[in-house]
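Quick notes on the structure that follows.
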Protein chains: 2
Amino acid sequence: MNASDQGTGSTSGPKRKDARRNQRTLLDAAAAAFVDAGVEAPVRDIAARAGVGMGTIYRHFPTRADLIIAVYRHQVDACAEAGPALLESSPTPYAALEEWIGLFTDFLVTKHGLAAVLQPDNPQFETLHASFLDRLVPVCDQLLDAAADHGEIRPGYAGIELMRGVGNLCIGAGTDPRYDARRMVALLIAGLRRPAGNGAPADR
Amino acid sequence: MNASDQGTGSTSGPKRKDARRNQRTLLDAAAAAFVDAGVEAPVRDIAARAGVGMGTIYRHFPTRADLIIAVYRHQVDACAEAGPALLESSPTPYAALEEWIGLFTDFLVTKHGLAAVLQPDNPQFETLHASFLDRLVPVCDQLLDAAADHGEIRPGYAGIELMRGVGNLCIGAGTDPRYDARRMVALLIAGLRRPAGNGAPADR
DNA sequence: AACGATACGGAGCGCTGTTCCGCTTTGCAA
DNA sequence: TTGCAAAGCGGAACAGCGCTCCGTATCGTT
């Protein structure tokens, strides 16, 4: 915990301490604004909340994506780290995959509007997309491979497409009580199962 | 076929013929703009393309949703009508469901940005959401019920959630070669299948 | 204390959607 | 044919957004 968390360059480390303080304030303000108004909260609002000018916010976080990445970095890391752990603690790789996807889904549906912004439509969010996916796709691939090796799922599905599928399914979650993103994600994952023979060696 | 297609009121029927002509022009211009720039094409551009002022566009189509609905009404109708037809022509209800979902998916992925706007996030598009879904959900329900009755899928899934799930999966299709919306939709639908026994009519 | 580097604030630009109202066109009626 | 409401039109103008830019304030070092 300190100056060591960099990566996007956003949290790298300004030298002057007012700059450093502002960065923290900004991060907190952004987190609060994201909760209240979603990740698309107006930049002006975030700046106002932090009590700084617009210039400051853009100097520290050149793009909104950088800000979002910085705010959620810890949670993304936690999610990524949970993958291998689940693989060890779960009865089968497929169970681990299911649970991990559940973690990811929970993360997305509880962050108002985050899923919507994970799409690479807008070049503005390209770096956000890339950042999240770079961190999580390898984990997903690992789980997928393990489950495929174990004969529980059909092979040939890449982590990237699954992650994007799940991300997409989470868009707008919570805006309509008739739509339950988690249910649909579960359906998608169920679709991965081997159609017949169930072929799992120890399907318990 | 002509003046009879109303519903949103957008195509109802202005009395003066200049108004009527403008409405047609606007519809064509919008369709063209949607192809070129997606359904979020700036209103000004659409107006300019049609050679009319902004007031005109807003008078005929008070909201962008109305315009989109009007542009795609025919295709949505065609899709809706294909449902029952497929149910009759297909070997099993599940096959019909699969094919119909494929139709819907094709419709969405070929209409640049349409899927993204089908979400009820933005109150602006509420009427678009409602209009499309009102037309298609009953059809989907019918197919779902038929397949469930036939024992091919797990019961308990509503057309509305499936349609939204499919719609979501289609968001951003075509922006990333590594993401194939159709594949993910197929996975989702595969998830509906009964887990074991492959459920022939036997068990009903 | 003084001074250069660093960071700050917010006015301002450009681009959206949307409204509003003076002017034009239309079609009916005299 | 002509006159005249009423219906329709155009685009200036307003509001909200992201983002930039630069004169000014602050920091920390000499």
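None of these values were measured; they are calculated from a predicted model. Order of the sequence lines fixes the chain letters, A, B, ..., with proteins taken first and strands second; residue numbering starts at 1 for each chain. Excluded from the calculations below are hydrogen atoms, water molecules and symmetry mates; all remaining heavy atoms, backbone and side chain alike, are included.
- By the salt bridge (charged side-chain N to carboxylate O under 4.0 Å, His left out) test, B:R183 is found to be paired with A:E161, residues two or more places apart in sequence or in another chain being considered.
- Note on residues 38-48 of chain B: no pairs pass salt bridge (charged side-chain N to carboxylate O under 4.0 Å, His left out), not counting sequence neighbours.
- Interface residues of residues 33-48 of chain A facing DNA chain C, ordered by number: A:R44; criterion, heavy-atom separation under 4.0 Å.
- Every ring-ring contact (aromatic ring centres under 6.0 Å, His included) that A:F107 has, sequence neighbours left out, goes to A:Y72.
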Can you name the atoms? Protein N/O to nucleotides 5-8 of chain D N/O, anything below 3.5 Å, with the distance.
unit_1: D:dA7; atom_1: N3; unit_2: B:R16; atom_2: NH1; d: 2.4

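- Going from atom CD1 of A:I57 over to atom C1' of D:dC21 covers 17 Å, rounded to whole Å.
- Partners of A:T63 according to the side chain to side chain contact (heavy atoms under 4.5 Å, CB included) rule, which considers only residues two or more places apart in sequence or in another chain, are A:A65, A:D66, A:Q124.
- Take A:E98 and apply the side chain to side chain donor-acceptor pair (under 3.5 Å) test, not counting sequence neighbours, and it matches no residue.
- Between B:M54 atom CE and D:dA15 atom C1' the separation is 13 Å, expressed in whole Å.
- B:I68 places a side-chain heavy atom less than 4.5 Å from the side chain of B:F34.
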Side chains of residues 133-144 of chain A: which donor-acceptor pairs under 3.5 Å do they make with residues two or more places apart or in other chains?
unit_1: A:R135; atom_1: NE; unit_2: A:D77; atom_2: OD1; d: 2.6
unit_1: A:R135; atom_1: NH2; unit_2: A:D77; atom_2: OD1; d: 3.2
unit_1: A:D141; atom_1: OD1; unit_2: A:G159; atom_2: N; d: 2.8

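- In this structure, the CG atom of B:L26 is 10 Å from the P atom of D:dG10, given to the nearest Å.
- Interface limits on DNA chain C: the 5'-most and 3'-most nucleotides within less than 4.0 Å of chain B heavy atoms are C:dT16 to C:dG27.
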Distance-only donor-acceptor hits, side chain of residues 168-176 of chain A, under 3.5 Å, sequence neighbours excluded:
unit_1: A:N168; atom_1: OD1; unit_2: A:Q119; atom_2: NE2; d: 2.4
unit_1: A:N168; atom_1: ND2; unit_2: B:N168; atom_2: O; d: 2.9
unit_1: A:N168; atom_1: ND2; unit_2: B:L169; atom_2: O; d: 3.4
unit_1: A:N168; atom_1: ND2; unit_2: B:I171; atom_2: O; d: 3.1
unit_1: A:T175; atom_1: OG1; unit_2: A:G172; atom_2: O; d: 2.7
unit_1: A:D176; atom_1: OD1; unit_2: A:R178; atom_2: N; d: 2.9
unit_1: A:D176; atom_1: OD2; unit_2: A:R178; atom_2: NH2; d: 3.1

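- For A:A32, the side chain to side chain contact (heavy atoms under 4.5 Å, CB included) partners two or more places apart in sequence, or in a different chain, are A:R49.
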Show me the side-chain donor-acceptor pairs of residues 79-90 of chain A shorter than 3.5 Å, one per line, residues at least two apart or across chains.
unit_1: A:S89; atom_1: OG; unit_2: A:A85; atom_2: O; d: 3.3
unit_1: A:S90; atom_1: OG; unit_2: A:L86; atom_2: O; d: 2.8

